Number of protein chains: 2
Amino acid sequence: MIDGTGKTDPSLRIRIVFGDDAMLGPGKADLLERIRDTGSISAAGRSMAMSYKRAWLLVEEMNAAFQAPLVESARGGAKGGGAYLTETGEAVLSHYRKLETIVAQAGAAQIEGLLSLRSDVSSRK
Amino acid sequence: MIDGTGKTDPSLRIRIVFGDDAMLGPGKADLLERIRDTGSISAAGRSMAMSYKRAWLLVEEMNAAFQAPLVESARGGAKGGGAYLTETGEAVLSHYRKLETIVAQAGAAQIEGLLSLRSDVSSRK
DNA sequence: AAAGGATATGTTCAGTCAAACATATCGCAA
DNA sequence: TTGCGATATGTTTGACTGAACATATCCTTT
């Protein structure tokens, strides 16, 4: 647990792999969500202990992976600039979150079956 | 795509994360399956372009992550040695594969929703 | 007893990837 | 017109990872 968010990492992580190297996983989804909440790429990055450079890079990747950019940003202005999710960005985030919940529910039995075979039972939440 | 198996990489990859650093994903599941099929860690590794060292390391991790080892092995003998899946190993592999299919089906709609927003439509299968 | 094939491990080396550091630009507000 | 805060990128450094290389051990077969 590196980040100070106290967020309990889900036992099941899903990643959608597109064609060649583009993919969408928990990291980018979280970043997307935080950009929506903070209105800033750098603030979003800070909130998850991620450098602006890296956050911006991930945004660039995501924007390139879809037909329309997920995040649009502006420089300068009153507060220096900012960023927000486009319609496409909102849709992608929404789909991913819904996929997470659906998948977690549908796979609950198998996951439980795997966890019951695990060691270190004391650390189970 | 590095391996010569011609296996189509699934668009949805799932990974179960246990407590601290132990986790189970597509790589270890494949390795497990190939060990079961070949009866050998080294043969399994070779079949997926993985060094014996690495394959053995992954096996060790898996064995440590569960209450009972998933793979048992023997040195020497007629064919030099070999390895096979234990009951626990079979169970883990079975659970993981079933989880994959269940999850793929349950999430189909959301995945389709995401893919429809993707660029590079020509590469869709 | 010598060979062979696979398990079992240690060590070294190179490539990759993220962190860190460094600027540059933008546009409003004071 | 100067400052601020955020976007936008380039460069360098360091850590981690896997590849490659090197042995050692085991036990059946010949």
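Computed from a predicted model, the values in this text were never measured in an experiment.
Atom CG of B:L31 and atom P of D:dG18 are 13 Å apart (whole Å). One can place CG of A:L57 at 10 Å from C1' of C:dA18, the figure rounded to the nearest angstrom. Following rounding to the nearest Å, A:E60 (CD) and D:dG10 (C1') show an atom-to-atom distance of 13 Å. What separates CG of A:L58 from P of D:dT9 is a distance of 15 Å, to the nearest Å. Atom NZ in A:K79 sits about 10 Å away from atom C1' in D:dA6, given to the nearest Å.
Look at B:R54 and you'll find a side-chain N or O under 4.0 angstrom from OP1 or OP2 of D:dG18. Remark: A:W56 is in phosphate contact with D:dA8, judged by side-chain N or O atoms under 4.0 Å from OP1 or OP2. Of the side-chain N and O atoms in A:S42, one or more sit less than 4.0 angstrom from OP1 or OP2 of D:dT7. Proximity of A:S73 to the phosphate of D:dT7: no side-chain N or O atom is located under 4.0 Å from OP1 or OP2. In this model, the phosphate group of C:dT7 is approached by a side-chain N or O of B:S40 to a distance below 4.0 Å at OP1 or OP2.
Side-chain atoms of A:S40 and A:T38 include no donor-acceptor pair closer than 3.5 Å.
The two residues B:Y96 and B:P26 have their closest heavy-atom pair at OH-N, 3.1 Å. Across all non-hydrogen atoms, the minimal contact from A:R34 to A:S47 is NH1-OG, 2.8 Å. The minimum heavy-atom distance linking A:R118 with B:A22 is given by the pair NH1-CB, 3.7 Å.
Of all nucleotides listed (C:dA6, C:dA19, D:dT28), C:dA19 comes nearest to the side chain of A:S51. Considering only side-chain atoms of A:K53, the nucleotide from D:dT7, C:dA20, C:dT7 that sits closest is C:dA20. Nearest nucleotide to the B:R75 side chain, out of D:dC26, D:dT28, D:dA6: D:dC26. Comparing atom distances between the B:I41 side chain and each of C:dC28, C:dA8, D:dA8 picks out C:dA8 as nearest.
A residue-by-residue look at A:G39 and B:G77 shows that A:G39 has its nearest nucleotide of DNA chain D further toward the 5' end. Each of A:M50 and B:Y52 lies near DNA chain C, and the nucleotide nearest B:Y52 is the one positioned closer to the 5' end.
B:A74 comes within 4.0 angstrom of sugar-phosphate atoms only, judged by non-hydrogen atoms across all strands, and of no base. Within the nucleic acid shown, B:G81 comes within 4.0 Å of sugar-phosphate atoms alone, with no base atom in reach, counting heavy atoms only.
The same ILVMFWY cluster, assembled from side-chain heavy atoms under 4.5 Å apart, contains both A:I14 and A:F18.
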